[in-house]
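The structure appears right after this line, and notes come after that.
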Amino acid sequence: METKNNITLTFGQIVAGSIIGLVGGWICLLLFENFIWQFLLGNRVNHGFWVGLFLLISLSVTYGIVIVGASTGIRFVSRKFGADIPLKPLCSGAFLGPPAVVGLLALLNVPWEIFGRPNLILALLLPVLKTLAYIISLPMRGWVHLGLPVEIWYILAVPIGAILGYRLTPVEDTEVSAEQA
């Protein structure tokens, strides 16, 4: 595939995956918040266990809908370009996209003083780890410094993670999963 088509494909996949994932997440949020939490449950459930269980269910379903929706959008765009991508590597990558954003955000404010008084090994490793954490989190630092909303990273993380998931999957795994499907 040409470089121009590859860039257009990737951009189209990110846009389609982001829009479909965002719309799917909003629909699930409205469904769970307005229908299930307010209408069906209302004030009937007050116990911490049941509230936690229903919250876990609603978060899991919403996250699953976002991942599958974004992956389906990416597959749709890639079919328009003549490529058929299996769903498994797409969903695997999409599942890991938002936790990567959480990791980048966590690197912004690492409390390095929790390590206490460093011994010899820690005294050698700590400056290297601080520098590495600073370099890795530099795009996120610039984004936060500009005052831009961090939620955009979460929206883009799902389709970008899905694209990385299928592009980094070995070819033989993709062919085997396509034959099994």
Side-chain angles (χ1 to χ4, degrees), residues 1-36 55-108 132-181:
M1 191 180 293
E2 293 179 16
T3 305
K4 183 179 179 182
N5 282 343
N6 212 0
I7 291 171
T8 307
L9 170 66
T10 304
F11 183 72
Q13 288 174 331
I14 291 172
V15 169
S18 296
I19 291 171
I20 294 172
L22 189 62
V23 168
W26 274 339
I27 290 171
C28 282
L29 176 71
L30 292 174
L31 175 76
F32 279 109
E33 186 177 333
N34 294 335
F35 182 69
I36 294 176
L55 185 61
L56 177 67
I57 291 169
S58 60
L59 285 174
S60 300
V61 170
T62 303
Y63 194 51
I65 293 292
V66 167
I67 287 172
V68 171
S71 299
T72 305
I74 290 171
R75 285 186 78 190
F76 176 76
V77 170
S78 58
R79 283 187 186 141
K80 295 295 180 187
F81 281 82
D84 190 24
I85 302 170
L87 194 60
K88 182 180 177 183
L90 281 175
C91 288
S92 297
F95 181 76
L96 295 175
V101 172
V102 171
L104 285 174
L105 284 172
L107 285 177
L108 294 180
L132 191 61
Y134 184 80
I135 291 171
I136 290 173
S137 66
L138 203 54
M140 188 67 74
R141 286 180 191 280
W143 190 271
V144 171
H145 181 71
L146 290 174
L148 299 171
V150 180
E151 290 81 9
I152 293 173
W153 282 75
Y154 287 108
I155 294 168
L156 295 176
V158 173
I160 291 173
I163 291 168
L164 289 174
Y166 86 81
R167 291 213 175 154
L168 297 177
T169 301
V171 174
E172 56 270 3
D173 289 348
T174 305
E175 290 173 1
V176 170
S177 63
E179 291 172 3
Q180 292 174 351

If you take all heavy atoms of [X] and [Y], which pair is closest and at what distance?
X    : Y    : value
V68  : C91  : CG2-SG, 4.5 Å
A16  : V77  : CB-CG2, 3.5 Å
V101 : A157 : CG2-CB, 3.5 Å
T10  : I163 : O-CD1, 4.0 Å
G17  : A70  : O-CB, 3.4 Å
L104 : S137 : O-CB, 4.0 Å

Are [X] and [Y] side-chain neighbours, meaning at least one heavy-atom pair lies under 4.5 Å?
X    : Y    : result
P98  : V158 : yes
I85  : Q13  : yes
W153 : P139 : yes

> L105 and Y154: side-chain contact (heavy atoms from CB on, under 4.5 Å), yes or no, with the steps?
Replying inline: CA-CA 11 Å; L105 284 172; Y154 287 108; 3.3 Å; yes
> Does atom CD1 of I14 have more than 12 heavy-atom neighbours from other groups under 6.0 Å away?
Replying inline: yes
>> Would T72 and I20 count as a side-chain contact (heavy atoms from CB on, under 4.5 Å) here? Give the steps.
In response: CA-CA 8 Å; T72 305; I20 294 172; 5.8 Å; no
Under the 3.5 angstrom rule, does the side chain of [X] hit a backbone N or O of [Y] as a donor-acceptor pair?
X    : Y    : value
T62  : L59  : no
S60  : I57  : no
W143 : L138 : no

> What pairs meet the salt bridge (Lys or Arg N to Asp or Glu O under 4.0 Å) rule with one or both residues in residues 56-66, with sequence neighbours excluded?
Replying inline: none
Roughly how far apart are [X] [atom1] and [Y] [atom2], rounded to 0.5 Å?
X    : Y    : atom1 : atom2 : answer
Y134 : L108 : OH    : CG    : 10.5 Å
L90  : I67  : CG    : CD1   : 11.5 Å
S18  : L156 : OG    : CG    : 4.5 Å

> Which residues satisfy the ring pair (Phe, Tyr, Trp, His ring centres under 6.0 Å) test with Y63, sequence neighbours excluded?
Replying inline: F95
>> List the residues meeting salt bridge (charged side-chain N to carboxylate O under 4.0 Å, His left out) with R79, not counting sequence neighbours, and say none if there are none.
In response: D84
>> Would R141 and L107 count as a side-chain contact (heavy atoms from CB on, under 4.5 Å) here? Give the steps.
In response: CA-CA 9 Å; R141 286 180 191 280; L107 285 177; 5.7 Å; no
